[in-house]
Each structure stands twice: as structure tokens, then as C-alpha cells.
Amino acid sequence: MKKVNTFEASAIVGGNCKKVCTVEFVRGTGGACMEVTTCLDKHGKVVSQNSAKVDSKNCSGLP
């Protein structure tokens with residue numbers, strides 16, 4: 001039998017250790033360019049979502 005640490009066990013048995021985060025650029029209110037970071041746990045549930053204003057060149061080509 002292989003020994004696993006707590007972090008590995010949580011990813012197998014349950015818990016929220018294994019996260020996948022995505023970053024996208026969107027136009028916010030007033031045309032501001034926003035960077036939105038969304039993190040999902042291993043079950044696909046949103047665990048955090050943050051947004052911040054960024055330079056408008058990141059949103060070039062967006063409506």
C-alpha cells in the first residue's frame with residue numbers, strides 16, 4: 001500500500017485542495033477592462049472569483 005500525505009488524500013477522498021483557476025478579460029461597467037479570475041474546486045464548484053481593473057489593451061477586440 002502506498003503512503004500518501006494529507007494533501008494527496010484530500011484530493012482523493014474529498015475536500016477542496018485541487019483547484020483549477022481561469023483568467024479572462026471582460027468589459028465592465030462604463031467600458032472598463034476587467035481581469036476576472038475564477039477558481040473551481042475538483043467538483044466544478046466556484047470557490048473564489050476576483051476581478052481587478054487592468055490596462056485597456058488587454059480588452060482590445062472585445063465588444
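Not measured: the values here are computed from a predicted model.
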Using residues 54-63 as the side-chain source, report each donor-acceptor pair under 3.5 Å to any protein atom, sequence neighbours left out, with the distance given to one decimal.
unit_1: N58; atom_1: ND2; unit_2: D55; atom_2: O; d: 3.3
unit_1: S60; atom_1: OG; unit_2: K57; atom_2: O; d: 3.2

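- Among pairs with a residue in residues 27-40, those fulfilling side-chain hydrogen bond (donor to acceptor under 3.5 Å, both in side chains) read T38-Q49, at least two apart in sequence or across chains.
- Every residue two or more places apart in sequence or in another chain that forms a side chain to side chain contact (heavy atoms under 4.5 Å, CB included) with K53 is listed here: A32, M34.
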